[in-house]
There are 2 protein chains.
Amino acid sequence: MLKLSTKGQYGVRAMFEIARRHPGEPVAIKEIAARQDVSVAYLEQILNTLRKSGLIASVRGPGGGYLLSRQPEEISIGEILRSLDGPIALTACQDPMEGCVRADGCVTSLLWKALGEKIEGFLDAMTLRDLLTGNSIKQKQKDLYGHKYASGEAQKAGQQMFFEKTGKAGA
Amino acid sequence: MLKLSTKGQYGVRAMFEIARRHPGEPVAIKEIAARQDVSVAYLEQILNTLRKSGLIASVRGPGGGYLLSRQPEEISIGEILRSLDGPIALTACQDPMEGCVRADGCVTSLLWKALGEKIEGFLDAMTLRDLLTGNSIKQKQKDLYGHKYASGEAQKAGQQMFFEKTGKAGA
DNA sequence: ATAATACTCTACTAATATTGTCAAGTATTT
DNA sequence: AAATACTTGACAATATTAGTAGAGTATTAT
């Protein structure tokens with residue numbers, strides 16, 4: 001249950017490949033595709049979406065390829081996934097326009113909402129920089145555990161917020 | 001993205017209905033189905049699975065129905081969902097028998113692993129009792145934020161663990 | 001006994017979303 | 001002008017989910 005789409009996974013991996021080279025020469029689709037065993041055609045779709053979302057820029061012609069539009073610490077995993085797969089919506093009730101009319105609706109609805117916000121908070125707090133530093137996740141865990149924040153805008157969605165209140169923490 | 005199956009959602013709601021009556025008379029499928037606008041046949045599948053997992057017991061004959069096998073505080077949402085939808089596996093790489101051979105594999109793999117453990121921790125810490133008390137989620141958040149634990153076995157998977165180390169926290 | 005109530009089991013189908021391919025075209029640089 | 005690389009949109013294959021159907025088994029009240 002709760003599977004992440006391959007599109008989202010490939011997208012993150014592709015962004016990671018591009019970030020590796022940052023700042024520097026554009027990264028060609030062919031190169032990314034080779035490193036990940038994904039077809040060029042499929043990757044084109046994915047990168048095209050990411051470009052339209054403003055996360056990457058493309059350079060045409062020989063020697064062309066893709067570049068990050070922002071610094072790695074300014075691009076969160078959450079942004080990448082939302083760009084490709086749309087917003088996190090664990091249940092239909094999370095959609096604004098769908099009322100939860102049943103008696104217990106509010107209870108379970110609150111549950112899913114809290115979980116969704118928790119997940120979003122995690123994904124928004126994690127950036128490409130964290131992936132690049134390699135010790136990223138472990139280190140970040142330490143930082144957060146010790147109430148020290150990493151750099152970048154992602155801190156505003158930091159894990160400290162998860163349990164502060166219902167209905168405000170997520171992005 | 002990251003949708004929860006309706007099966008899992010219905011299952012949690014059904015368990016909630018049964019828990020409401022606990023301890024007391026068995027709850028008939030027909031009643032649960034009526035309260036949730038789900039077909040009896042579909043609910044039968046779901047309850048049957050939950051029964052085989054040992055979360056509920058059934059009583060046959062007139063006046064029969066379903067009962068909780070344990071106390072509400074001893075049944076976590078995570079158990080219910082795992083029973084119905086299998087283990088949380090955000091990516092294929094989370095499956096033990098699938099190697100991550102690529103260069104960056106370890107980095108993204110760690111990311112998904114950390115997220116998965118975070119989700120499981122949340123779901124395992126939340127019990128039917130929390131749903132029953134109604135103020136459950138808000139209150140629980142306060143408790144956890146203030147380092148006070150609620151009763152029940154769920155505390156061992158409490159949110160404090162999420163960032164302690166990689167690869168050990170989840171259930 | 002037997003009828004009513006309620007759970008059990010398995011197979012199957014319909015709908016939906018994901019995943020990925022294909023082909024033709026457009027832009028840029030050497 | 002040729003090579004390289006990105007762009008676009010339609011489409012097909014596959015997998016999963018969601019839900020139905022129907023025949024059967026067990027239990028209890030009368």
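All values reported here derive from a predicted model rather than from experimental measurement. Proteins get letters first, then strands, A, B, ... in listed order; numbering begins at 1 in each.
Atom pair B/Asp37:CG and D/dA18:C1' shows a separation of 16 Å (rounding to whole Å applied). The CD atom of A/Glu25 sits 17 Å away from the P atom of D/dT4 (whole-angstrom rounding). What separates CG of B/Leu43 from P of D/dA18 is a distance of 14 Å, to the nearest Å. In this structure, OH of B/Tyr66 is placed 15 Å from P of D/dA26, rounded to the nearest angstrom. Atom CG of B/Leu84 and atom P of D/dA18 are 11 Å apart (whole Å). C/dT8 atom C1' lies 15 Å from atom CG of B/Leu50, rounded to whole Å.
The only option from B/Arg20, B/Arg13, B/Arg21 that meets the side chain to side chain donor-acceptor pair (under 3.5 Å) definition with B/Glu17 turns out to be B/Arg20. Put simply, the residue from B/Ile46, B/Leu47, B/Val40 that forms a side-chain contact (heavy atoms from CB on, under 4.5 Å) with B/Glu44 is B/Val40.
B/Leu47 comes within 4.0 angstrom of nothing in the nucleic acid, heavy atoms only.
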* Structure fact -> Letter by letter from the 5' end, nucleotides 18-30 of chain C scores (B base, S sugar-phosphate only, - none; protein heavy atoms under 4.0 Å) -SBBB----SBS-

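In terms of phosphate contacts, B/Ser58 brings a side-chain nitrogen or oxygen within less than 4.0 Å of OP1 or OP2 of C/dT8. Here B/Arg51 reaches the OP1 or OP2 of C/dC9: one of its side-chain N or O atoms lies under 4.0 Å away. For the OP1/OP2 pair of C/dC9 and a distance below 4.0 Å, the side-chain nitrogens and oxygens of B/Asn48 include at least one atom meeting the criterion.
Residues B/Thr127 and B/Ile77 fail the side-chain proximity criterion, which asks for heavy atoms closer than 4.5 Å.
Comparing A/Lys52 and A/Gly63, the nucleotide of DNA chain D nearest to each residue sits closer to the 5' end for A/Gly63.
By the rule that hydrophobic residues join a cluster once side-chain heavy atoms approach within less than 4.5 Å of another member, B/Leu67 and B/Ile56 end up as members of separate clusters.
No donor-acceptor pair closer than 3.5 Å links the side chain of A/Gln36 to the backbone N or O of A/Ala33.
If you check D/dA5, C/dA6, D/dT8 against the side chain of B/Lys30, the one that comes closest is C/dA6.
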* To do: Test salt bridge (charged side-chain N to carboxylate O under 4.0 Å, His left out) on A/Glu79 and A/Arg82 and set out the steps.
  => CA-CA 5 Å; A/Glu79 275 183 287; A/Arg82 269 192 299 275; over 6 Å; no

* Can A/Arg35 and A/Val27 be said to form a side chain to side chain contact (heavy atoms under 4.5 Å, CB included), step by step? -> CA-CA 12 Å; A/Arg35 280 185 188 268; A/Val27 185; over 6 Å; no

